[in-house]
Amino acid sequence: MTAKIIDGELVASRIRDQIADATEKMAREQGFRPGLATVLVGDNPSSRQYVRMKQNRCKKVGILSFGYNLPEESGQDEIEDLVRKLGNDPKIHGILVQLPLPGHLDEEAVLNAVPLHKDVDGFHPVNIGRLSMKERNPLFVPCTPAGVIRLLEEAGAQFEGAEAVVLGRSNIVGLPVAMLLIHRNATVTVCHSRTKNLPAVCRRADILIAAVGRPLMVKADWVKPGAFVIDVGSNRIDDPQSEKGYRWVGDVDFDEVKEVAAALTPSPGGVGPMTIAGLLQNTLQAAQRLEEHKNSGG
Ligand code: GUN
């Protein structure tokens with residue numbers, strides 16, 4: 001079997017085009033554009049790169065982007081004060097605090113300072129709490145997990161009664177994606193560093209989500225023939241053959257697994273573009289909701 005390759009860049013570009021149309025309409029008819037504030041603390045190179053990509057994409061779809069870069073040694077109060085100030089700024093409809101924050105900061109308290117209706121990353125404790133319960137409708141769903149589900153839908157995966165295995169239990173991907181799969185009536189197993197006989201557990205999966213940050217870990221014999229495999233990993237590995245001396249790979253050994261799976265995302269070019277498209281979508285929605293609220297006299 002050779003897997004259908006799920007082109008995340010293509011799906012994301014369709015979403016971006018729709019957002020660009022909607023922001024132009026908003027600017028034309030309502031006289032304003034959605035605004036996203038990004039808060040980056042410290043100079044972790046990957047985080048800087050992610051934030052830069054998010055800001056560039058905003059500009060390309062007509063969303064205003066306001067960047068706040070703070071030094072690594074910033075204090076808790078300073079960051080919470082900034083987030084609260086952005087929360088009160090009417091030009092800003094969405095606030096993204098890039099994670100992880102430096103270790104001395106209380107991440108939950110910072111996320112708690114983001115007003116719920118501007119929590120376009122979906123990481124506010126109330127939004128995450130609602131996502132983790134039945135029928136509680138969070139205002140926003142975290143962007144990478146939402147992108148994973150959208151790609152599975154695009155590929156034609158059936159969720160109802162499927163065995164889904166999630167490799168990784170991070171707050172950003174593993175745990176929220178497990179909740180989204182449960183809400184779609186999949187039977188979900190979440191694996192982590194203490195899981196015994198990992199390949200055998202993964203082989204049970206009709207839907208396999210790899211989000212552990214271990215380059216090329218998932219091999220062909222970890223995958224059930226005909227499974228849908230989503231690779232969230234993005235890892236830089238040394239490659240003396242390449243011009244730069246390194247290349248990016250996922251958590252899944254793409255060349256091996258494409259011979260077994262029914263459908264598979266590449267990395268790069270799979271989930272990554274969907275994360276940013278989801279953020280743009282949430283920012284547009286935040287702006288639309290805030291405008292409706294204003295017009296209804298709220
Ligand atoms: N760090 C890695 N992924 C994400 C994300 O989607 N949002 C934020 N805020 N931080 C991240």
Side-chain angles (χ1 to χ4, degrees), residues 8 12 15 36-58 63 65-70 72 74 79-80 82-83 86-87 92-103 105-116 118-128 131 138-151 166 168-180 209-214 230-236 248 250-251 265 267-268 270-283 285-286:
I15 297 172
L36 174 72
T38 57
V39 178
L40 172 66
V41 187
D43 41 30
N44 176 310
S46 303
S47 292
R48 283 167 68 123
Q49 167 77 353
Y50 287 142
V51 168
R52 218 177 2 247
M53 286 185 333
K54 290 169 186 177
Q55 292 171 330
N56 287 341
R57 280 293 176 204
C58 276
I63 292 178
S65 150
F66 305 87
Y68 295 83
N69 295 1
L70 287 90
E72 179 89 16
S74 305
I79 295 165
E80 286 187 36
L82 170 64
V83 170
L86 299 172
I92 288 170
H93 305 97
I95 301 171
L96 173 135
V97 179
Q98 185 65 23
L99 303 176
L101 288 169
L105 294 169
D106 178 346
E107 180 183 295
E108 187 175 353
V110 172
L111 295 175
N112 216 5
V114 177
L116 265 188
K118 295 194 180 185
D119 178 36
V120 287
D121 237 0
F123 290 139
H124 186 288
V126 170
N127 274 327
I128 282 290
L131 183 72
L139 281 179
F140 298 100
V141 173
C143 304
T144 304
V148 167
I149 298 292
R150 174 75 190 265
L151 290 181
V166 180
R169 55 176 161 183
S170 71
N171 287 334
I172 293 175
V173 185
L175 295 180
V177 90
M179 296 316 303
L180 291 174
I209 315 291
V212 268
R214 299 271 296 274
I230 303 289
D231 187 357
V232 185
S234 179
N235 311 287
R236 200 174 117 159
W248 292 92
D251 293 349
T265 58
S267 177
V271 174
M274 293 297 292
T275 297
I276 301 187
L279 176 70
L280 304 175
Q281 235 170 354
N282 283 351
T283 304
Q285 192 177 36

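Remember, it's 1-based here, ligands and their atoms both numbered in the order they're listed.
One option in Ile95, Leu279, Ile276, Ile172 has a heavy atom closer to atom 4 (C) of ligand 1 than any other, and that option is Ile172. The residue from Thr144, Leu99, Asp121 that puts a heavy atom closest to atom 9 (N) of ligand 1 is Asp121. When Thr275, Thr38, Leu40 are ranked by how near their heavy atoms come to atom 6 (O) of ligand 1, first place goes to Thr275.
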Tabulate below the donor-acceptor pairs under 3.5 Å that side-chain atoms of residues 271-281 make, not counting sequence neighbours, or state none.
| from | atom 1 | to | atom 2 | distance (Å) |
| --- | --- | --- | --- | --- |
| Thr275 | OG1 | Thr144 | OG1 | 2.8 |

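At the top of the distance list for atom 11 (C) of ligand 1, counting protein heavy atoms only, stands Gln98 NE2, 3.4 Å. Of the protein's heavy atoms, Lys54 NZ, 3.9 Å lies nearest to atom 5 (C) of ligand 1.
Summarising the geometry, atom CG belonging to Asn171 is positioned 9.5 Å from atom CG belonging to Leu111; distances are rounded to the nearest 0.5 Å.
Of all atoms in ligand 1, numbered sequentially from 1 with element shown, those under 4.0 Å from a heavy atom of Val97 are 8 (C), 9 (N).
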(request) Could you give me the CA-CA distance, side-chain angles and deciding distance for Lys54 and Leu96, then say whether side chain to side chain contact (heavy atoms under 4.5 Å, CB included) is met? (result) CA-CA 10 Å; Lys54 290 169 186 177; Leu96 173 135; 3.8 Å; yes
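In this structure, a donor-acceptor pair under 3.5 Å is absent between the side chains of Gln55 and Arg52. Inspection of the Thr38 and Gln98 side chains reveals no N or O donor paired with an N or O acceptor under 3.5 Å.
Applying the salt bridge (charged side-chain N to carboxylate O under 4.0 Å, His left out) test to Arg150 and every residue at least two apart in sequence or in another chain returns Glu154.
The closest approach between any non-hydrogen atom of Tyr50 and ligand 1 is not below 4.0 Å.
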